[in-house]
Amino acid sequence: MNYNVAVIKGDGIGPEIVDEALKVMNKVGEKFHHTFSYTDLLLGGVSIDVHGVPLTDETVLAAKAADAVLMGSIGGDTNTSPWYKLPANLRPEAGLLGIRKELNLFANLRPAYLYEELKAACPIKDEIIGSGFDMMIIRELTGGLYFGERKTIEENGVTTAIDTLTYTEPEIRRIAIRGFEIAMKRKKKLTSVDKANVLDSSRLWRKIVTEVSKDYPEVTLEHMLVDNCAMQLVRDPGQFDVILTENMFGDILSDEASMVTGSIGMLSSASLNDTKFGLYEPSHGSAPDIAGEDKANPIATILSAAMMLRYSFDLDQEAQAVEMAVQKVLKDGYRTGDIMSQGCTLVGTKKMGDLIVDRI
Ligand code: NAD
């Protein structure tokens, strides 16, 4: 098959880590007889430098025309880069929010997986980690508190700030369907997280998720309050398979889950719409402090490419081949600086990419 991938290398370490992911994609193509064609697009700081804006119509149109988007990361040093002297709507991050909105990417997937070989970096005690954990956090990305009406008013000398949390039934239903479909591809357990003891939006969330669950009888559904979930993530992370939650809860819980893995350079992510289309990117930022030094860990981006193979192209076997190659490299003792430990071999970005390619 031929797949058309829009490639946004972005800023900072973006070009370095994306180049390694493309090497891996090409090896997958060669080995499994697929062709991947790439269209390079500008977004973020590089787009500001060339076009004066972080996102152009050309980038939006070309991304929409592709089968999926693979992205590095965008943004610069927020203290020193001239991009941050611009108004907020012209800064690199505005480009990212803009493209997510244009592509209607409402489902954000962030896996949190503990590699046996990186257990030492996990801040949780060994007896709690047990045999490790492997969870997928699915966060609703375009609704809720972050997109509701907001205002600050002053009445009788008192300033009041108001944010609104709104969810419609269709918004909840579409993300719930996504959640159950993903649970079907995994261990078939879904934990829906809300605050239904307090919030109306959470009560609607719980009702719709329960309704959708009827179409997926093989998936075990449990409901959990968000405060309890925050606790359970550090008390017994191994209990989770898929966590499905709304925008703000997902924002907080996915950062907590990524911390318990202990290594930001390893964490991939996907943002999907209601078709097979998705934007795939590492969970970390553009790391301007190490850009251009061949020090960045390309694994999060390589694993994001594996997610693209699985979720946009339905190439499960190919995705697994990439994930197993990553695991093998770690087992063989190779590490970039961010995950380095005693007795391992320190390698740079390019070498890490080559080692993974060799093991596919
Ligand atoms: P960051 O994730 O870029 O860096 C935090 C720390 O982690 C740094 O020390 C960095 O060197 C290290 N790090 C990150 N990724 C690494 C990797 N792959 N390998 C090795 N080390 C790695 O976060 P930050 O410093 O807060 O942000 C830098 C820029 O990135 C900012 O402009 C921010 O807005 C942007 N950002 C972009 C995205 C995105 O593109 N989705 C996400 C987060 C931050």
Side-chain angles (χ1 to χ4, degrees), residues 7-21 24 41-49 54-55 59 63 69-86 88-101 103 105 108-110 115 118 121 139 141 146 250-252 254-255 258-259 261-271 278-305 307 326 329-330 334-341 344 346-353 356:
V7 177
I8 297 173
K9 294 187 178 179
D11 307 314
I13 58 171
E16 297 166 75
I17 54 182
V18 169
D19 281 349
E20 298 316 304
V24 168
L41 304 178
L42 296 183
L43 181 82
V46 277
S47 176
I48 298 173
D49 290 346
L55 174 64
T59 289
V69 181
L70 180 66
M71 197 175 100
S73 43
I74 55 110
D77 185 321
T78 47
N79 293 314
T80 59
S81 165
W83 299 328
Y84 296 92
K85 296 201 167 56
L86 295 167
N89 65 333
L90 289 178
R91 290 181 194 169
E93 288 70 18
L96 186 56
L97 293 179
I99 200 161
R100 281 179 180 157
K101 192 160 172 248
L103 301 176
L105 303 171
N108 182 237
L109 277 55
R110 272 172 68 169
Y115 288 89
L118 302 181
R139 164 189 172 194
L141 203 58
Y146 298 172
D251 189 7
I252 298 166
S254 60
D255 266 23
S258 67
M259 257 317 291
T261 69
S263 35
I264 185 90
M266 302 289 301
L267 298 172
S268 52
S269 88
S271 301
L279 182 147
Y280 299 85
E281 58 175 323
S283 294
H284 58 74
S286 61
D289 52 331
I290 54 166
E293 294 180 12
D294 194 41
K295 283 184 180 163
N297 185 349
I299 293 180
T301 317
I302 288 169
L303 292 174
S304 302
M307 288 183 86
V326 167
V329 165
L330 296 175
Y334 295 103
R335 303 281 189 274
T336 44
D338 57 315
I339 51 171
M340 184 60 189
S341 58
C344 292
L346 180 68
V347 295
T349 311
K350 288 200 181 84
K351 179 72 181 170
M352 182 54 98
I356 293 168

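As the structure lists them, so they are numbered: ligands from 1, and atoms in each ligand from 1.
- Those atoms of ligand 1 with a heavy atom of His284 less than 4.0 angstrom away are 2 (O), 14 (C), 15 (N), 18 (N), 42 (C).
- The protein heavy-atom contact nearest to atom 12 (C) of ligand 1 is Ala287 CB, 4.4 Å.
- For Leu141 against Ser271, the heavy-atom pair with the smallest separation is CD2-OG, 3.8 Å.
- Side-chain atoms of Ser283 come within 3.5 Å of backbone N or O of Ser268 as a donor-acceptor pair.
- Here the heavy atom of the protein found nearest to atom 34 (O) of ligand 1 is Glu93 OE2, 2.5 Å.
- Taking every heavy atom of Ala296 and a limit of under 4.0 angstrom, the matching atoms of ligand 1 come to 19 (N).
- Summary of contacts: the protein heavy atom closest to atom 38 (C) of ligand 1 is Gly285 CA, 3.7 Å.
- Proximity of a side-chain donor or acceptor of Ser304 to a complementary backbone N or O of Tyr280 within less than 3.5 Å is not detected.
- Taken to the nearest 0.5 Å, the CG atom of Leu105 stands 8.0 Å off from the CD1 atom of Ile99.
- Atom 2 (O) of ligand 1 lies below 4.0 Å from at least one non-hydrogen atom of the protein.
- Of all heavy-atom pairs between Ala21 and Ala305, the closest is CB-CB, 4.4 Å.
- Numbered from 1 in the order shown, with element, the atoms of ligand 1 that lie under 4.0 Å from a heavy atom of Pro288 read 28 (C).
- The shortest N or O to N or O distance between Thr78 and ligand 1 is not below 3.5 Å.
- Glu16 places a side-chain N or O within 3.5 Å of a backbone atom of Asp294 that can act as its donor or acceptor partner.
- Heavy atoms only, all atoms of each residue included: Ser286 and Ser73 are closest at CA-OG, 3.2 Å.
- Each of the following atoms of ligand 1 lies closer than 4.0 Å to a heavy atom of Tyr84: 32 (O).
- Of the heavy atoms in Asn297, both backbone and side-chain atoms come closer than 4.0 Å to ligand 1.
- Ser254 places a side-chain N or O within 3.5 Å of a backbone atom of Gly250 that can act as its donor or acceptor partner.
- Proximity to Ile290 (heavy-atom distance under 4.0 Å) selects the following atoms of ligand 1: 11 (O), 20 (C), 21 (N).
- Look at Asp251 and Arg110 and you find no salt bridge, because none of the NZ, NE, NH1 or NH2 atoms lies under 4.0 Å from a carboxylate O.
- With a heavy-atom cut-off of 4.0 Å, Ile17 does not touch ligand 1 at all.
- Annotation: atom 29 (C) of ligand 1 to nearest protein heavy atom, Ser286 OG, 3.2 Å.
- Of the protein's heavy atoms, Ile74 O, 3.2 Å lies nearest to atom 35 (C) of ligand 1.
- Using a 4.5 Å cut-off on side-chain heavy atoms (C-beta onward), Met352 and Ile299 make contact.
- Contact annotation for Ile13 and ligand 1: only side-chain heavy atoms (C-beta onward) come within less than 4.0 Å of the ligand.
- Under the 4.0 angstrom criterion, atom 8 (C) of ligand 1 counts as having a protein heavy-atom contact.
- Nearest non-hydrogen protein atom to atom 39 (C) of ligand 1 is Leu96 CD2, 3.8 Å.
- For atom 24 (P) of ligand 1, no protein heavy-atom neighbour is found at a distance under 4.0 Å.
- Without hydrogens or angle criteria, Asp11 side chain to Ile74 main chain gives no donor-acceptor distance under 3.5 Å.
- When atom types are taken as modelled, the side chain of Ser269 and the backbone of Glu281 share a donor-acceptor pair closer than 3.5 angstrom.
- Atoms of ligand 1 lying under 4.0 Å from at least one heavy atom of Gly75, given by number and element, are 32 (O).
- Protein non-hydrogen atoms do not reach within 4.0 Å of atom 27 (O) of ligand 1.
- Contacts between Asp289 and ligand 1 below 4.0 angstrom, taking non-hydrogen atoms only, involve the side chain exclusively.
- The shortest side-chain heavy-atom distance between Asn79 and Tyr84 does not fall under the 4.5 Å cut-off.
- Here the heavy atom of the protein found nearest to atom 31 (C) of ligand 1 is Gly76 O, 3.4 Å.
- Closest to atom 41 (N) of ligand 1 among all protein heavy atoms lies Glu281 OE1, 3.1 Å.
- Those atoms of ligand 1 that come under 4.0 Å of a heavy atom in Ser73, given as number and element, are 40 (O).
- Side-chain atoms of Thr349 come within 3.5 Å of backbone atoms of Ala296 as a donor-acceptor pair (strictly under, hydrogens ignored).
- Remark: of the listed residues Ile17, Leu267, Ile13, Ile17 is the sole one forming a side chain to side chain contact (heavy atoms under 4.5 Å, CB included) with Pro282.
- There is a protein heavy atom closer than 4.0 angstrom to atom 44 (C) of ligand 1.
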